[in-house]
Amino acid sequence: MAMKIGDKPFNDRVSSGIADTFMRGAVSSAQARLRSGRLNAAEELGNWEEWRQLGEEIRSHTIENLDYYLELLSENVAKRGGHVFFAETAEEANEYITEVVKKKEGKKVVKSKSMVTEEINMNGALEKAGCEVIESDLGEWILQVDDHDPPSHIVAPALHKNKEQIRDVFRNKLGYDKTEKPEELALFAREKLREEFLQADIGITGCNFAIAESGTISLVTNEGNARMVTTVPKTQITVMGMERIVPTWEEMEVLVSLLTRAAVGQKLTSYITALTGPKQEDDVDGPEEFHLVIVDNGRSKILGTAFQSILHCIRCAACINVCPVYRHVGGHSYGSIYPGPVGAVLSPLLGGYEEYKELPYASTLCAACTEACPVKIPLHEHLLKHRQEIVEREGKAPVFENLSMKAFSMGTASPAMYNIGSKLAPASLAAFTKDGSISKGPGPLKNWTDIREFPAPKKERFRDWYKKRSKEGDK
């Protein structure tokens, strides 16, 4: 599974995340900063809910007419001299990209940040074919230098590292000899990456939004690296998920305004780049050859289902930045390159319940994610729907959960059984009860009571209290 991170079981990943106190502190701090930025940007705009409603309408219309807009995009890219390839699977996408690189005799690829290329493991496919792939996004490059450490956040991939750790990575891997000052680290990275840009044969980008009416690819960055990737190499390949499309420039402007505010609290990021095909006669720079790879990889199977609105996602990570579960376990615990609430919904759809059946349960269902989403995806409702699917259709609910629900069903279906069970409960848990609470619970209560107390059942039941009160009232 290309999008999978690591081979450890879910509970082991969660335990590792909880035990990593630095990561938890870094994530909590970043969440607070990014959330505050989003709220301030929304307040400044004044009519944020109207913008959210408009964003939802744009995404809903586009996805409902996706076949039409994809065909229009393909036609307009071709009119400008570009090549379009529709890849049904990750393997097909990687095979096409690899063939393009081989035909151009490319030895070095420089790429900008792209979640979909992570999803299909494009880097691995190109490296297997003997090509060197260099990440140019600063966060992604740091992780690549650090033995291909996977990203832990959609927008800020190196969120789990501090400047001292980054300094040590540069020292150990690249011979860096200066301090952990951000300015010195950034200057060193800039000098190293500049060499890579100038030596690259192929440039590869992701796509924030493709504009169907003009065949344009738009990229949203804060570092300007995407512009270097798309202007210096002679061949450019853009890889996009099939849902990352808008009808016209007008809708693109609305969604970019939502994206930048929701992601990092900015009116606009430093660079909004729009690219329309290969270099034309009157262009100063740009690639001589352009390829657009449109990736399905399971997305078409989501169309027409109860989960269709997850395809509205614009990858702002606002849901991640408010999630209390993500705050405590970190991005790597999800075992997917898509972490947080959006990952808990999307990963099982793309990767299957066999790999990701635990993720829909990794949520408090507090709905903070739904409230934060700039295009109003009902994320917590999707998580509940996943749980229903896992139990009713897939039959993959944990064994203990099945037994517990059957026992509960039996106990509550019969008044006599319920009466006996409610009387026995206080006595059966008495050994674990202290001062009215259970702090070290047995069996399924253990995970709960490891981090919080569980209220012990009272000896006097409600029905006993009510009966006693009624008798006293009659006197």
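Worth saying up front: this structure is predicted, and the values here are computed from it rather than measured.
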With sequence neighbours left out, what residues match [X] under side chain to side chain contact (heavy atoms under 4.5 Å, CB included)?
| X | value |
| --- | --- |
| Ser363 | Leu365, Leu383, Arg387 |
| Arg167 | Glu164, Arg171, Tyr176, Glu180, Leu185 |
| Thr89 | Glu91, Glu92 |

Any pair with a residue in residues 375-384 that passes side-chain hydrogen bond (donor to acceptor under 3.5 Å, both in side chains), sequence neighbours left out, goes on the list, sorted by first then second residue, please. Gln53-Lys376, Ser309-His382, Thr370-His380
With sequence neighbours left out, which residue pairs that include part of residues 120-156 fulfil the ring pair (Phe, Tyr, Trp, His ring centres under 6.0 Å) condition? Trp141-Phe170
Measuring from Lys104:NZ to Cys131:SG, what's the distance to the nearest 0.5 Å? 14.0 Å
Within 45° of the six-membered ring axis of Phe209 and under 6.0 Å from that ring's centre, is NZ or CZ of Arg244 located there? yes
Taking the ring of His83 and the ring of Tyr96, is the distance between their centroids below 6.0 Å? no
Run the ring-centre check on Tyr353 versus His386 and record whether the distance is less than 6.0 Å. yes
Taking only residues two or more places apart in sequence or in another chain, which ones pass side-chain hydrogen bond (donor to acceptor under 3.5 Å, both in side chains) with Glu43? none
Give a yes or no answer on whether the side chain of Thr305 reaches the backbone of Ile302 with a donor-acceptor pair at less than 3.5 Å. yes
Compare all side-chain heavy atoms of [X] with those of [Y] and state whether any distance is below 4.5 angstrom.
| X | Y | answer |
| --- | --- | --- |
| Ser152 | Pro339 | no |
| Pro360 | Pro348 | yes |
| Pro233 | Ile202 | no |
| Glu243 | Arg59 | yes |

Nearest heavy atoms of Thr238 and Gly206, plus distance in Å: CG2-O, 3.4 Å
Side chains of Thr273 and Arg227 only: does a donor on one sit below 3.5 Å from an acceptor on the other? yes
